[in-house]
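Order of the sequence lines sets the chain letters (A, B, ...), proteins ahead of strands, with each chain counted from 1. What you see is a predicted model, and the numbers here were worked out from it, not measured in a lab. Values reported hereafter were calculated over all heavy atoms of this structure, with side chains retained and with hydrogens, waters and symmetry mates removed.
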Amino acid sequence: MLDIQIFRENPDLVRQSLQRRRQDISPVDQVIDLDQKRRALLQRVEGLRAEKNQASKAIGQSQDPGERQEKIADMKTLGVELEELETELKDLEPELEALLSTFPNLVDDRVPEGADESENQVMKTVGEKPEFDFQPQPHWDLGPALGILDFERGVKLSGTRFYILNGIGARLQRALVSFMLDSHTGHGYEERYTPFMVKEEVVYASGQLPKFADNLYHDHEDDFWWVPTAEVPLTSLHKDEILNEEDLPISYTAYTPCFRREKMSAGREVRGIKRGHQFDKVEMYIYCRPEDSEAQFLRMQADAERICLLLDLPYRVNNLCTGDLGFAAAYTSDIEVWAAGCGEWLEVSSVSNTRDFQARRAAIRYRPDGGKKTHFVHTLNGSGLALPRVMIAVLENNQQKDGSVVIPEVLHPWMGGVEVIEPL
RNA sequence: GGAGGGAUGGCCGAGUGGACGAAGGCGGCUGUCUUGAAAACAGCUGUGGGUGUUAAAGCCCACCGGGGGUUCGAAUCCCUCUCCCUCCGCCA
């Protein structure tokens, strides 16, 4: 949510940001118009209320029955007028709120111009792509051959874009989850286990609603929303709270499954486990003071990169361009790992600074030490990392000529002695 | 799912139609006293919005779980929803 103050004082800031995102700027004037109407109305309503409060008090104190009756009659007529204006105001406020909630975050100056993901900027590339003296297989061949990936039964249970992990495959994913969580908790993140179904207001707070409802699963009977990322519950952990400055920054990590309809990308990338309706992810989330969010962003990005380094996966870091930048983000870095079998860079992490955008929606504030006024915190989120794509890279990059796959050493503590996955 | 009881400020807890943004206590902050601390005493101590200002003060409005209603006037009466507690049922 953008601060309404920006629309009053510097609406060009919003217009420029929208233009950079290649979006229509006309809603800016609608907001300004509605805001002016609202404030004019509010002042009239509050004036009448003040008058009413004063008169009611006088009635209570008055001893003269005639005077009382006269004043009560006056207040009855005032009440009618007040009621009309209040109704008008009650219609106007949600209208303004609804409109304001559709504005994406202001784009940071450093975000490169671009229409879509093809114009993202590669900031750095780390590690060497593995070399093979044979033709490396993509995971959709490798997985079934190893007996750890079963597409047919996934489809039988749930349809396209679902799969089953078998035996050591399931264990590998579990090992990756544990490895990532332990890495993050070792670097100052507190682990949280959260609900995977949440209320509408929780999905709204992090910015997925109201605009992106069609990418979410929703239970109509009880009005639950299935989380598309742990960012959603982690944002609302401190919803409606006023935090102490001394407690900041607060850093969380959480493992959750993620549920997405993927309507937008119907038909795209249906092969393999790269894009499914359900996938697992370890997420990082930070609440901090505004002046610290830049440093916390770099910290979080380093924490995501560390996972790639420890797994020995070649990766690159992209600065997302304006056209690819998410709704809540001011700026975002994506991390992509190289997968040798399918020959692709796979996005495994997205680290974003949302500044006070989510904090406003979720009403998360802090009180500076010794200060009276509260301020909104800044929040950051980042994947650390998304499981299926890490699985793809681990399998494809560590395959050998005989079809076996060598498990990275850092995962051995969780693999129950298995160091190589042998083909069936 | 059934029956009953609850929800008040950071916490505890009073308040059944006007003097209540809300007694009292605890906690916190400031001051006096003290070499310092403790104790004692005094004062202050919620959030959001509007207006105002260089900034502030001030003034006004709203908020006693959420929404709606009755009334000149609601923490207080009525309806409804949510959540919590107790008992029964069911269950990993």
Side-chain angles (χ1 to χ4, degrees), chain A residues 1-10 31-101 193-205 209 219-225 233 236-248 250 257 356-377:
Chain A
M1 184 78 74
L2 297 180
D3 187 355
I4 186 76
Q5 216 66 38
I6 300 172
F7 289 82
R8 292 176 192 159
E9 289 164 9
N10 199 353
V31 168
I32 293 169
D33 181 50
L34 279 177
D35 180 50
Q36 278 170 354
K37 279 187 188 151
R38 187 190 77 91
R39 278 198 294 171
L41 201 53
L42 185 63
Q43 279 171 33
R44 290 178 66 197
V45 165
E46 289 193 341
L48 288 178
R49 285 211 270 240
E51 197 180 326
K52 189 186 80 173
N53 287 345
Q54 219 174 5
S56 290
K57 208 174 210 175
I59 291 167
Q61 284 162 349
S62 168
Q63 303 297 324
D64 179 357
E67 189 189 324
R68 280 175 73 108
Q69 284 315 311
E70 195 183 319
K71 280 186 172 159
I72 287 172
D74 284 351
M75 283 308 103
K76 274 190 173 173
T77 47
L78 185 143
V80 173
E81 187 187 352
L82 181 58
E83 206 170 329
E84 272 175 35
L85 292 176
E86 279 180 332
T87 306
E88 224 178 298
L89 190 63
K90 242 181 248 176
D91 291 338
L92 207 59
E93 277 174 339
E95 197 185 333
L96 178 60
E97 178 89 5
L99 183 63
L100 206 54
S101 74
Y193 171 86
T194 72
F196 305 153
M197 297 145 68
V198 296
K199 298 179 193 176
E200 178 169 325
E201 67 202 58
V202 169
V203 190
Y204 174 87
L209 284 178
D219 162 52
H220 286 277
E221 194 163 356
D222 293 309
D223 202 20
F224 278 121
W225 295 77
S236 286
L237 232 39
H238 292 292
K239 184 166 141 49
D240 298 322
E241 291 183 20
I242 297 171
L243 306 170
N244 296 317
E245 180 171 19
E246 62 197 34
D247 295 332
L248 299 175
I250 300 174
D356 65 359
F357 188 82
Q358 289 179 329
R360 260 176 213 288
R361 290 187 159 228
I364 306 161
R365 291 158 292 168
Y366 78 103
R367 195 188 309 280
D369 289 336
K372 253 184 108 174
K373 280 200 135 166
T374 58
H375 297 281
F376 289 105
V377 297

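- Distances shown here put every side-chain N or O of A:Lys76 at or beyond 4.0 Å from the OP1 or OP2 atom of B:U71.
- Atoms CD (A:Glu241) and P (B:U47) sit 15 Å apart, rounded to a whole Å.
- A:Lys199 comes within 4.0 angstrom of no nucleic acid atom, judged by non-hydrogen atoms across all strands.
- Atom CD of A:Glu97 is separated from atom CG of A:Leu34 by 12.0 Å, given to the nearest 0.5 angstrom.
- Judged by distance alone, the side chain of A:Ser236 and the main-chain N or O of A:Pro233 form no donor-acceptor pair under 3.5 Å.
- Put simply, CG on A:Asp240 is 13 Å from P on B:G10, counting in whole angstrom units.
- When atom types are taken as modelled, the side chain of A:Ser56 and the backbone of A:Asn53 share no donor-acceptor pair closer than 3.5 angstrom.
- Between A:Ala205 and A:Arg361 the shortest heavy-atom distance is O-CB, 3.2 Å.
- Heavy atoms of A:Leu78 sit nowhere under 4.0 angstrom from any nucleic acid atom.
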field: side-chain contact (heavy atoms from CB on, under 4.5 Å) evaluation trace for A:Phe224 with A:Val198
entry: CA-CA 5 Å; A:Phe224 278 121; A:Val198 296; 5.9 Å; no

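- Taking atom CE of residue A:Met1 and atom P of nucleotide B:G48, one finds them 16 Å apart after rounding to whole Å.
- The CZ-P distance, from A:Arg367 to B:G10, rounds to 9 Å in whole Å.
- Across B:G6 and B:C79, the matching P atoms stand 14 Å from one another, rounded to whole Å.
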Which atoms of nucleotides 51-53 of chain B (N or O only) lie under 3.5 Å from a protein N or O atom, and what are those distances?
from	atom 1	to	atom 2	distance (Å)
B:U51	OP1	A:Arg39	NH1	3.3

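- Take the nearest nucleotide of RNA chain B for A:Lys71 and for A:Gln5: the residue whose nucleotide is more 5' is A:Gln5.
- Not a single salt bridge (charged side-chain N to carboxylate O under 4.0 Å, His left out) links A:Lys52 to another residue, sequence neighbours left out.
- Counting only Watson-Crick and G-U wobble pairs whose two distances sit under 3.5 Å, RNA chain B takes part in these stems of three or more pairs: B:1-7 with B:82-88, B:10-12 with B:24-26, B:27-32 with B:40-45, B:46-51 with B:58-63, B:65-69 with B:77-81.
- Considering only residues two or more places apart in sequence or on other chains, A:Arg360 meets the side chain to side chain contact (heavy atoms under 4.5 Å, CB included) condition with A:Met1, A:Asp3, A:Asp356, A:Phe376.
- Protein atom CZ of A:Arg38 is 12 Å distant from nucleotide atom C1' of B:A62, rounded to whole Å.
- B:C63 and B:G9: their P atoms are spaced 15 Å apart (whole Å).
- Residue pairs meeting the side chain to side chain donor-acceptor pair (under 3.5 Å) criterion with at least one member in residues 81-92 of chain A, sequence neighbours excluded, are A:Arg49-A:Glu86.
- Between the CD atom of A:Glu246 and the C1' atom of B:G28 there is a distance of 12 Å, rounded to whole Å.
- Among residues two or more places apart in sequence or in another chain, the ring-ring contact (aromatic ring centres under 6.0 Å, His included) test is passed with A:Phe7 by A:Phe103.
- With sequence neighbours left out, the side chain to side chain contact (heavy atoms under 4.5 Å, CB included) criterion links A:Arg8 to A:Ile4, A:Gln5, A:Asp35, A:Arg38, A:Arg39.
- The gap from the C1' atom of B:G1 to that of B:C78 amounts to 28 Å, rounded to the nearest Å.
- Atom P of nucleotide B:U82 and atom CG of A:Asp223 are separated by 11 Å, given to the nearest angstrom.
- Considering only heavy atoms from C-beta on, A:Glu200 stays 4.5 Å or farther from A:Val203 through its side chain.
- Checking the phosphate oxygens (OP1, OP2) of B:U47, no side-chain nitrogen or oxygen of A:Thr374 falls inside 4.0 Å.
- A distance of about 15 Å separates the P atoms of B:G24 and B:G46, rounded to the whole Å.
- Rounded to a whole Å, the CG atom of A:Asn244 is 12 Å from the C1' atom of B:G28.
- Remark: A:Glu46, A:Arg49, A:Ala50, A:Asn53 in residues 44-53 of chain A come within less than 4.0 Å of RNA chain B through at least one heavy atom.
- For the C1' atom pair drawn from B:G52 and B:C41, the interatomic distance equals 38 Å after rounding to whole Å.
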- prompt: Given A:Met75 and A:Ile72, is the side-chain contact (heavy atoms from CB on, under 4.5 Å) satisfied, shown in steps?
  reply: CA-CA 5 Å; A:Met75 283 308 103; A:Ile72 287 172; 5.7 Å; no

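- A:Gln36 pairs by the side chain to side chain contact (heavy atoms under 4.5 Å, CB included) definition with A:Ile32, not counting sequence neighbours.
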Review item, nucleotides 16-23 of chain B N/O atoms under 3.5 Å of protein N/O:
from	atom 1	to	atom 2	distance (Å)
B:G18	O6	A:Arg68	NH2	2.9
B:G18	N2	A:Ser56	O	2.8

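- Around CD of A:Glu93, the count of heavy atoms belonging to other residues, nucleotides or ligands within 6.0 Å exceeds 12.
- Residue A:Arg365 is the one, among A:Arg365 and A:Ala73, whose nearest nucleotide of RNA chain B lies closer to the 5' end (criterion: closest heavy atom).
- Straight-line distance between the C1' atoms of B:U71 and B:U16: roughly 15 Å, to the nearest whole Å.
- A heavy-atom distance below 4.5 Å is not found between the side chains of A:Ile242 and A:Tyr366.
- Note that CD1 of A:Ile250 is 4.5 Å distant from CG of A:Leu243, once rounded to the nearest 0.5 Å.
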Kindly give the atom pairs (protein nitrogen or oxygen, nucleotide nitrogen or oxygen) under 3.5 Å for nucleotides 90-92 of chain B.
none

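- Distance noted for atom P between B:C61 and B:A19: 14 Å (whole Å).
- With A:Arg68 contributing its side chain and A:Ile59 its backbone, the two residues share a donor-acceptor pair below 3.5 Å.
- For A:Asp33, the side chain to side chain contact (heavy atoms under 4.5 Å, CB included) partners at least two apart in sequence or on another chain are A:Lys37.
- Straight-line distance between the C1' atoms of B:G67 and B:U54: roughly 43 Å, to the nearest whole Å.
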